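In what follows, chains are A, B, ... by sequence order, proteins preceding strands, each numbered from 1. None of the values given here were measured: they were computed from a predicted structure.
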Amino acid sequence: MKTLTIQVTVNGEAFCKTVGVNMTLLEFLREELHLTGTKLGCNEGECGACTVLVDGKPVNSCLMLAVEADGAEIFTVEGLAKDGTLHPLQEAFIEAGAVQCGFCTPGMLMSAKALLDKYPKPTAQQIRKELEGNICRCTGYDRIVKAIILASEMNKEG
Amino acid sequence: MLPQFELYRPTNLLEACRLKAQGAVVVAGGTDVYVAMHGGKLRPQALVDIKGIADMQEATYDQNSGLTIGALTTHRTIEEWELVKQKYYALFEGCSQVGSVQIRQRGTIGGNICNGAPSADSVGPLLVFGAECLVVGEKGQRKVPLAGFFTGPKKTILADDELLYKILVPPPAPNSASAYIKYTRRRAMDLALLGVSIYLALDKSRIEELRIAFATAAPTPMRAYQTEAKLRGKDYRSISLADIGKMAAAEANPRSSWRASREFRLRLLEQLVQQAFTTALQRAEGGDL
């Protein structure tokens with residue numbers, strides 16, 4: 001087979017599309033659905049800028065075929081804010097100054113989302129380990145770690 | 001965009017073997033295959049995605065036979081498996097240091113083995129636990145010790161029609177412990193510049209069993225059989241750590257690459273063997289892990 005029709009749910013919305021088998025999930029999100037929040041960085045699984053959640057788990061969307069997402073629930077950075085209200089992680093990234101050029105931020109946020117689902121009260125060490133696949137060339141990571149701790153504290157209050 | 005290819009997604013093992021025999025490139029997690037395809041190093045006419053083969057996903061433990069790990073089991077599954085942490089700590093250490101969370105979520109233990117890289121993080125720990133490979137082809141199945149699986153860099157004993165089906169890992173002795181030390185230039189997303197795995201079973205201070213394996217110290221993952229044989233049965237207090245390091249490093253045959261020179265790797269190996277041995281010893285004497 002060279003093309004396939006797939007059904008995927010992206011940020012809660014169902015899509016049915018026919019795609020080439022050689023299209024990556026990243027290309028599907030950006031070019032078919034025009035969800036350009038997810039970034040193309042290295043295209044080889046090193047940088048994490050293309051991280052999305054597939055059935056709740058973080059994966060590099062550049063190393064997965066779109067057809068492999070058939071039947072899956074995909075969650076991208078566009079799904080974080082609800083009705084114009086930012087997600088606590090997004091608020092915390094702003095509050096802590098965890099964004100500089102911003103290119104890694106969508107991937108960081110998705111890995112951070114998966115991290116908080118796994119460890120609602122993470123230690124700095126857990127954050128650094130779980131975010132090892134997301135490279136940031138600007139911040140030095142310190143403020144990203146602080147932002148995630150901040151978001152985890154917001155979780156408790158909210 | 002990846003180059004064009006024909007995609008097959010069999011749910012039947014023998015169908016997958018047949019497609020492989022016809023020249024289709026096998027893909028599981030895709031964390032090596034798609035990287036090579038993006039980089040232009042691999043341009044397959046056809047891919048056979050084996051993730052639909054259900055029983056290759058299963059991983060179980062039995063106290064008599066040990067672990068039976070379906071080749072499609074992900075590193076993340078192994079990493080998060082409490083039993084592996086309790087009984088096969090070096091395997092936890094290996095699998096939890098592959099790539100990143102994202103890579104471990106997709107990458108499989110079978111893929112790590114079949115890719116045949118001398119640096120594979122899961123292989124050294126599996127070698128010291130005495131793992132065997134269950135290989136299936138069109139004509140039947142065979143069992144091969146993992147130590148005999150590799151024939152060269154990126155080369156394995158798999159015939160054209162054969163797939164690695166399951167990995168069998170015997171249960172460790174109750175008086176044993178293990179350790180995997182991975183040496184890298186940065187803490188994540190790096191290949192092992194060197195890796196040392198040790199399995200050690202103690203009867204008080206006597207070394208009842210010792211197995212040592214190296215990553216990136218030869219063209220294939222390897223065991224240090226001579227050192228193991230010399231030390232088996234000895235009282236560990238009667239041997240100097242430095243000697244163990246020297247003896248084991250003498251069995252290695254690392255190459256010089258842009259990551260490090262052969263000379264550096266040999267010196268480093270002496271140190272890492274000591275570190276891994278001490279770690280395993282402390283764990284064995286501590287009675288846990």
Applying side chain to side chain donor-acceptor pair (under 3.5 Å), run through A:T139 and A:Q100 and close with a yes or a no. CA-CA 7 Å; A:T139 63; A:Q100 285 188 35; 5.6 Å; no

I'd like to know whether B:R187 forms a salt bridge (Lys or Arg N to Asp or Glu O under 4.0 Å) with A:E132, so could you lay out the CA-CA distance, the side-chain angles of the two residues, the decisive distance to 0.1 Å, and finally the verdict. CA-CA 8 Å; B:R187 275 191 212 152; A:E132 67 191 344; over 6 Å; no

Quick one: what part of A:L26 sits under 4.5 Å from any heavy atom of chain B, side chain, backbone, both or neither? neither

At a heavy-atom distance under 4.5 Å, which candidate from B:V35, B:D49, B:V33 has the highest pair count against chain A? B:V35

Closest-packed option against chain B by number of heavy-atom pairs under 4.5 Å, given A:G48, A:G45, A:C42: A:G45

Pair B:R283 + B:E93: basic N to acidic O under 4.0 Å: yes

If one checks every heavy atom of A:V67 against chain B at 4.5 Å, the contacting part turns out to be both

Leading residue by heavy atom contact count with chain B [cutoff under 4.5 Å; candidates A:K57, A:E31, A:E68]: A:E68

Residues A:K17, A:D70: salt bridge by 4.0 Å N-O rule: no

Might you work through the side chain to side chain donor-acceptor pair (under 3.5 Å) test for A:T18 and A:T5, ending with a clear yes or no? CA-CA 4 Å; A:T18 300; A:T5 302; 2.8 Å; yes

Side chain, backbone, both or neither: which part of A:E46 has a non-hydrogen atom closer than 4.5 Å to chain B? both

